[in-house]
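Here is the structure we will look at, set down as structure tokens.
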Amino acid sequence: MAEKKYGHFDDANREYVITDPKTPWPWINYLGNEDFFSLISNTAGGYSFYKDAKFRRITRYRYNGVPMDNGGRYFYIKDGDTVWNPGWKPCKTPLDSYECRHGMNYTRITGSKNGVEASVLFFVPLHTWAEVQKMTLKNQTEEVKTLKVFSFAEWCLWNAATDMENFQRNFSTGEVEVEGSTIYHKTEYRERRNHYAFYTVNTEIQGYDTDRESFIGLYNEFSEPEAVMEGKPRNSFAHGWSPIASHYIEVTLQPGESRDLIFLLGYVENEQDKKFSAKKVINKEKAHQLIAKFDTTEKVDAAFAELNQYWDNLLNIFTVKSGNDKLDRMVNIWNQYQCMITFCMSRSASFFESGIGRGMGFRDSNQDLVGFVHQIPTRARQRIIDIASTQFPDGGCYHQYQPLTKRGNNDIGGGFNDDPCWLIFGTVAYIKETGDFSILAEQVPFDNQPGTEVSLFEHLKISMNHVINNLGPHKLPLIGRADWNDCLNLNCFSWDPNESFQTTENKGEGSKAESLMIAGLFVVTGKDYVALCKQLAKEAMESKEGEIAGLAEEDYLTEAERMQQAVDEMNEAVKKHGWDGEWFLRAYDFFGNKIGSDENEEGKIFIESQGWCTMAGIGLEEGLCDKALDSSKKRLECEHGMVLNNPAYTTYHVEMGEISSYPEGYKENAGIFCHNNPWVIIGETVAGRGNDAWSHYTKILPSYVEEKYQTLHKVEPYVNCQMVAGKDAAKPGEGKNSWLTGTAAWMWYTVSEFILGIKPDYEGLLIDPCLPSTAKEYEVTRKFRGGEYHITVKNPSGNQKGVKQITVDGTPISGTIVPCSEGKHEVVVEM
Ligand code: BGC
Ligand code: NOJ
């Protein structure tokens, strides 16, 4: 369909190669995966921050700019009268060649012009608070080349929100220091900050600039800085206004000669009593140490090799060989990579999320865990504790918290009644991966208040209780401000455009608004909780102390029974009050009227309740699941995936809130909200319908629709985006909100555990694939709790579900759980 291609996958190098800088939207990548992060577009746009994109922004970015993607780390090369950038922007001088390779936490941008090639490798070395930019300049001509190279970075005054608005103060606070080839940014360091940033290069410089106006000129753009155009740095010193960092380097290259310049953008924190080395002079000791670690090509190459090794190790935990490149590249590379990024960022910083608005989401981060826990379980463990620490004693919780402070975000507060259940979801995934029950004994506070600690298990218990304690007239869960669908605001009733739909709850009292999505979620996580309690009973019985997380076998069995009863009741309530005849209802509104019913004129059917109630297997025997899945296919599916609801709302419904604020086909109003497609896909696998599962899955699998991304979806073809405009939209198929979406974790969970069917469980790996009939054989290698399992699934007759026989190292086992044991194992599965 698409005539134009902007790039292609390079699987051997685990890269996406962009060959035309004018992509339909900036195609970005992420550098760093611990504390220091950078966003980088295919033209080197983007910014850096330490831990928190709002509170600790290092470089500045301008949002929604004209032209798009303005600002970044730019290198200007002046060769005679020609000025160009290796990444094409901002000068946009036509290049003789251009290539951008986005890889695992690194990006390499190469441009050439008039016989000079400049290739810049950008990455954040492991465990390092700095971005390395290694530029290799090559003279490919027969003549001597004399080049003038200017670097450029613009500092953000740390708090990205006030940086954009509090100019009456900001324009007077900026301070810098220059020492040799290093430019230091120390705004506010004189008072309460104990951190500064620096930008350096590993060679002598012939000049510099630190004041934006002197370098660029007040009426010029990034594409024509006066200093660069004239080939003369100003050696300017910033006092207030907008401090920047630009190095000026004269480079002479003999024919065929090449030279590396290593730039380093770093961040340093000092202890309070070691802030200064002399009056007004910042203590640069740590900066010097950091600079010394990356000041030669050899050191940088070694750090880059380490980063690649790190990714080899991460991606070797789960690999598939299916004979289908499109599947393999998503499973083995890009889906797992996106899961790492969503784990690190939650929904904070992307080219659609400003980094200012949202921190880490309670529900988002719990879901992200499921795509990440197999990679680095220790980090997942800490995340669970951090999340649970923002809970309240009644089981409710803050909806978001800031990564820097780990404190709940008061601006948004709580009251999203699905949130507590997600803690079960994340924690169970962690324990099944690791077998580490000790996490449940961790003492975790409420709202981060010291002295309020109870065990994590207690947090799980009150999470479940929060649902049970908040049931509505049909014994279904009250929705609160919203459930997973942040835009179904049933207690909001807002007529004021300056009110946030998320925080306005002006009609909570006496509300009858209930959610079928939470009902399904409760049944799924409730069953998980019951199974966990039973497992804990067993562990307690077998343990020396006779207890786990402070409770004994009987306590867990009683708890399992209590929750099983609540789950059964919910199951019944859904069948009785949540079934519409052909599909599951979505909700009851404030007044007790149905939402997502055939009785409604618009919004007759919603995807969330079909997904969750079928995943929960509610009414499976009676055929309800099959019906709901068929209805989803018939009414929600379109060429690009399944829409959220159908038909779209064409007018504003004050009793529903934000959902009806979106034009038809966009976002939560009948967009293809990719995040929830996997719910239905898993539902399909529960019902054993492998062909349908596969068809839904591949519709939103980036590699399967790569062509579409080039012109229609527009966003990055190597990752899932949050939303693709639905069939009711003015422009169906347009993609938006790339990168930071729960879709990443859900796609991973779906394909690894439900389609390929390799499910971590308490006692081992449960094998239960659900396949399209065309899948005849595939191999998965899975590292799991010290063992390595090479699993061959054989499906000669093209069955969709049902394991006939499993052998481990040649010996048949009974059942479908491959027990844990160290060392390498050959597993053969016959369908
Ligand atoms: C968006 C949602 C988002 C919510 C909270 C809404 O405008 O449509 O997807 O979750 O804001 O930030
Ligand atoms: C995006 C939010 O991050 C997520 O929490 C929410 O569930 C979806 N939007 C749907 O509204």
Side-chain angles (χ1 to χ4, degrees), residues 54 338 341-343 345-350 352-371 387 397-401 409 411-423 425-426 479-490 492 494 497-505 515 517-518 520-521 586-587 606-609 611-612 642-645 648-649 652 656-679 720-726 729 735-746:
K54 177 177 180 180
Q338 189 180 3
I341 303 303
T342 55
F343 175 83
M345 298 286 130
S346 194
R347 308 296 169 267
S348 66
S350 74
F352 294 88
E353 299 281 3
S354 67
I356 296 169
R358 300 208 262 169
M360 315 295 284
F362 192 99
R363 80 158 79 90
D364 295 326
S365 293
N366 271 305
Q367 290 171 82
D368 294 344
L369 268 175
V370 172
I387 295 173
C397 55
Y398 280 105
H399 195 49
Q400 287 158 12
Y401 71 93
N409 181 344
D411 295 343
I412 178 128
F416 296 77
N417 282 354
D418 63 315
D419 272 338
C421 289
W422 295 111
L423 187 62
F425 186 69
I479 198 166
R481 284 188 181 168
D483 59 24
W484 171 87
N485 190 334
D486 281 336
C487 299
L488 194 60
N489 316 114
L490 302 183
C492 166
S494 177
N498 295 319
E499 272 172 0
S500 149
F501 284 111
Q502 266 74 54
T503 56
T504 305
E505 191 182 337
S515 159
M517 182 265 157
I518 306 182
L521 174 66
R586 175 62 176 89
F606 278 68
I607 197 167
E608 302 99 320
S609 42
W612 280 99
M642 282 175 280
V643 299
L644 193 148
N645 54 303
Y649 294 107
Y652 180 51
M656 280 183 226
E658 185 169 0
I659 186 169
S660 58
S661 75
Y662 284 112
E664 298 89 285
Y666 293 98
K667 292 282 282 175
E668 280 87 345
N669 186 15
I672 297 156
F673 220 92
C674 299
H675 186 146
N676 50 40
N677 277 229
W679 299 346
N720 272 109
C721 55
Q722 180 208 54
M723 195 256 338
V724 172
K736 284 180 193 148
N737 302 14
S738 57
W739 277 102
L740 303 186
T741 161
T743 314
W746 277 99

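Start at 1 and go down the list; that is how both ligands and their atoms are numbered.
- Using a 4.0 Å cut-off between charged side-chain N and carboxylate O, Asp486 and Arg363 make a salt bridge.
- With a 4.0 Å heavy-atom cut-off, ligand 2 is reached by the side chain of Glu668 but not by its N, CA, C or O.
- Considering all non-hydrogen atoms of both residues, Cys674 and Val724 come closest at SG-CG2, 4.1 Å.
- Taking a cut-off of under 4.0 Å to the non-hydrogen atoms of Gln722, the atoms of ligand 2 that pass are 1 (C), 9 (N).
- Not a single heavy atom of Lys667 sits less than 4.0 Å from an atom of ligand 2.
- Contacts with ligand 1 closer than 4.0 Å are made by no heavy atom of Arg347, backbone or side chain.
- One finds a salt bridge joining Arg347 and Asp368 here, because a Lys/Arg side-chain nitrogen approaches an Asp/Glu carboxylate oxygen to under 4.0 Å.
- Here is the list of ligand 1 atoms found below 4.0 Å of a heavy atom in Tyr662: 1 (C), 6 (C), 7 (O), 8 (O).
- Below 30°, between 30° and 60°, or above 60°: for Trp484 and Phe673 the angle between ring planes is above 60°, a perpendicular geometry.
- Nearest protein neighbour of atom 11 (O) of ligand 1, counting heavy atoms only, is Gln502 OE1, 3.7 Å.
- Protein heavy atom closest to atom 7 (O) of ligand 2, with residue, atom name and distance, is Trp484 O, 2.4 Å.
- The nearest pair of heavy atoms linking Asn720 to Thr741 is O-CG2, 3.7 Å.
- Interface atoms of ligand 1 facing Gln722, defined by a heavy-atom separation under 4.0 Å, are 9 (O).
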Apply side-chain hydrogen bond (donor to acceptor under 3.5 Å, both in side chains) to residues Ser346 and Asp364 and explain how you reach the verdict.
CA-CA 6 Å; Ser346 194; Asp364 295 326; 4.6 Å; no

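- Regarding atom 2 (C) of ligand 1, its nearest protein heavy-atom neighbour is Glu668 OE2, 3.1 Å.
- Between His399 and Phe416, the ring planes are parallel. Angles under 30° get that label, and only those over 60° would be called perpendicular.
- If you check which protein heavy atom lies closest to atom 5 (C) of ligand 1, you get Asp486 OD2, 3.7 Å.
- Close contacts between ligand 2 and Arg358 involve ligand atoms 2 (C), 3 (O) [criterion: under 4.0 Å to a heavy atom].
- Using a 4.0 Å cut-off to heavy atoms of Arg363, the atoms of ligand 2 that qualify are 4 (C), 5 (O), 6 (C), 7 (O).
- Of the residues listed (Met345, Gln400, Lys54), the one engaging Arg358 in a side-chain contact (heavy atoms from CB on, under 4.5 Å) is Gln400, and it is the only one.
- Side-chain atoms of Asn366 come within 3.5 Å of backbone N or O of Phe362 as a donor-acceptor pair.
- Of all atoms in ligand 2, listed by their number and element, those nearer than 4.0 Å to a heavy atom of Asp364 are 2 (C), 3 (O), 4 (C), 5 (O).
- The ligand atoms of ligand 1 that sit less than 4.0 angstrom from a heavy atom of Glu658 are 6 (C), 7 (O), 8 (O).
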